[in-house]
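Here the structure comes first, spelled out in structure tokens, and everything after it is commentary.
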Amino acid sequence: MDVTLHLAQDPEADELLGRSPLAALVGMLLDQQVPMEWAFKGPRTIADRLGATDLDADDIAARDPEAFAALLSEKPAVHRYPGSMAKRIQQLCQYLVEHYDGDASAVWAGVGTGSELLKRLEELPGFGKQKAQIFLALLGKQLGVTPKGWREAAGAYGEAKSYRSVADITGPESLAKVRAHKQEMKAAAKAAKAAGGK
């Protein structure tokens with residue numbers, strides 16, 4: 001895995017995401033309740049604070065939970081909820097150590113079908129169906145992981161030439177399109193809720 005991603009909109013953070021399977025997974029895990037760029041910048045911030053050039057699942061899994069939470073809480077905090085996200089990151093790393101010898105890329109290496117890959121992603125701590133589908137779409141669209149049926153398994157996020165999620169962001173222009181799509185979805189949901197409440 002060595003591609004150029006544009007999710008953090010920060011060259012150093014994006015470089016790490018493009019070469020580190022664990023960084024990409026952690027960024028996806030952090031991508032909730034904060035701006036996307038903030039979430040995907042997180043793995044680089046964590047690596048820097050650990051004095052490392054990459055994230056290591058064995059190292060993170062073995063760290064003292066309070067010390068790791070404090071590391072994420074330093075200003076600027078890695079996430080709006082640094083304590084709970086530190087716990088989730090450690091759970092993810094512990095799972096990877098137990099099931100994949102600490103190798104995040106083993107989650108998708110050699111997987112035969114998109115549905116099998118989706119199942120593996122959904123089994124990761126902190127990954128519900130939607131997050132798993134978005135990450136599957138990111139793997140297929142930008143990271144060259146394309147098992148048979150991956151687009152179908154990723155659902156709407158797997159559609160070609162769509163601008164629904166981080167999987168579709170390749171630069172500032174596509175970021176703006178994804179943001180516009182998310183605003184439309186929020187407005188539609190709000191309108192539907194208002195109509196249902198009458």
Side-chain angles (χ1 to χ4, degrees), residues 1-8 10-32 36 39-63 68 72 78-79 85-155 157-158 165-170:
M1 195 169 121
D2 194 9
V3 299
T4 302
L5 294 177
H6 300 279
L7 306 179
D10 172 280
E12 289 182 0
D14 283 327
E15 184 274 331
L16 177 61
L17 294 170
R19 70 174 160 83
S20 169
L22 180 56
L25 274 178
V26 169
M28 190 74 227
L29 183 66
L30 290 168
D31 188 22
Q32 56 189 11
M36 181 202 71
F40 282 96
K41 199 172 182 176
R44 181 68 200 219
T45 303
I46 295 167
D48 288 346
R49 290 178 185 175
L50 291 173
T53 57
D54 196 355
L55 299 182
D56 180 299
D58 291 278
D59 175 51
I60 292 171
R63 285 190 173 262
F68 190 64
L72 269 68
V78 169
H79 193 274
M85 294 314 286
K87 186 177 177 181
R88 286 188 181 185
I89 291 168
Q90 284 196 293
Q91 288 170 338
L92 173 65
C93 289
Q94 287 158 357
Y95 183 88
L96 292 171
V97 168
E98 286 173 31
H99 297 270
Y100 296 101
D101 294 324
D103 179 5
S105 68
V107 174
W108 52 86
V111 172
T113 66
S115 57
E116 183 187 344
L117 178 50
L118 180 63
K119 182 176 179 289
R120 285 186 178 190
L121 291 169
E122 286 181 310
E123 288 169 353
L124 297 175
F127 278 68
K129 183 169 185 179
Q130 184 181 32
K131 193 176 283 286
Q133 285 186 311
I134 292 170
F135 195 77
L136 174 51
L138 177 65
L139 287 170
K141 290 180 175 183
Q142 298 197 46
L143 300 173
V145 178
T146 56
K148 186 178 178 191
W150 73 270
R151 284 190 188 275
E152 293 77 7
Y157 301 108
S165 72
V166 298
D168 305 304
I169 296 170
T170 55

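The structure displayed is predicted, hence computed values, not measured ones.
Legend: residues meeting side-chain hydrogen bond (donor to acceptor under 3.5 Å, both in side chains) with R49, ordered by chain and number and at least two apart, are absent. Partners of T53 according to the side-chain hydrogen bond (donor to acceptor under 3.5 Å, both in side chains) rule, which considers only residues two or more places apart in sequence or in another chain, do not exist here. F135 is linked by a ring pair (Phe, Tyr, Trp, His ring centres under 6.0 Å) to W108, counting only residues two or more places apart in sequence or in another chain. Taking D59 as the reference, R63 meet the salt bridge (Lys or Arg N to Asp or Glu O under 4.0 Å) condition, with sequence neighbours excluded. D10 meets the salt bridge (Lys or Arg N to Asp or Glu O under 4.0 Å) test with K41; sequence neighbours excluded. Taking the salt bridge (Lys or Arg N to Asp or Glu O under 4.0 Å) definition, one finds that D56 meets it with nothing, sequence neighbours left out. D31 pairs by the salt bridge (Lys or Arg N to Asp or Glu O under 4.0 Å) definition with nothing, not counting sequence neighbours. The side-chain contact (heavy atoms from CB on, under 4.5 Å) check on A47 picks up L16, L55, with sequence neighbours excluded.
Taking CG of L17 as the start and CZ of F40 as the end, the distance is 7.0 Å to the nearest 0.5 Å. Between H6 atom NE2 and D14 atom CG the span is 7.0 Å, to the nearest 0.5 Å. R44 CZ to E15 CD: the interatomic distance, rounded to the nearest 0.5 Å, is 6.5 Å. L30 CG to L25 CG: the interatomic distance, rounded to the nearest 0.5 Å, is 11.0 Å. Atoms CG and CD1, on L121 and I134 in that order, are 11.5 Å from each other to the nearest 0.5 Å. Once rounded to the nearest 0.5 Å, the distance linking CD of Q142 with CG of L7 reads 6.0 Å.
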(request) Evaluate the criterion side chain to side chain contact (heavy atoms under 4.5 Å, CB included) for residue pair I169 and L5; output intermediate values, then yes/no. (result) CA-CA 8 Å; I169 296 170; L5 294 177; over 6 Å; no
(message) Set out, in order, the CA-CA distance, both residues' side-chain angles and the distance that settles side chain to side chain contact (heavy atoms under 4.5 Å, CB included) for L92 and I60, then state yes or no.
(response) CA-CA 9 Å; L92 173 65; I60 292 171; over 6 Å; no
(request) Dump the intermediate steps for side chain to side chain contact (heavy atoms under 4.5 Å, CB included) on S165 and L138, then the final yes or no. (result) CA-CA 9 Å; S165 72; L138 177 65; over 6 Å; no
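Pairs passing the side chain to side chain donor-acceptor pair (under 3.5 Å) check and including a residue from residues 123-134, sequence neighbours excluded, read K119-E123, Q130-Y157. Listed by first and then second residue, the side chain to side chain donor-acceptor pair (under 3.5 Å) pairs that reach into residues 88-101 come to none, sequence neighbours excluded. Pairs of residues two or more places apart, or lying in two chains, that qualify as salt bridge (Lys or Arg N to Asp or Glu O under 4.0 Å) and include a residue from residues 135-154 are K141-D168.
Minimum interatomic distance between A57 and G102 (heavy atoms only, all atoms of both residues): CB-O, 3.5 Å. Taking every heavy atom of both residues into account, P43 and G27 meet most closely at CG-N, 3.6 Å.
Residues C93 and L22 are in side-chain contact: their nearest non-hydrogen atoms beyond the backbone lie under 4.5 Å apart. Looking at heavy atoms from C-beta onward, V166 lies in side-chain contact with M36 at the 4.5 angstrom threshold. Considering only heavy atoms from C-beta on, L72 stays 4.5 Å or farther from H79 through its side chain.
Side chain of R120 to main chain of A106: a donor-acceptor pair is present (N/O by atom type, distance under 3.5 Å, no hydrogens or angles).
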Only distances under 3.5 Å count here; give the side-chain donor-acceptor pairs of residues 109-118 to other protein atoms, sequence neighbours excluded, each with its distance to 0.1 Å.
residue	atom	partner	partner atom	Å
T113	OG1	S115	OG	3.3
T113	OG1	E116	N	3.1
E116	OE1	G112	N	3.4

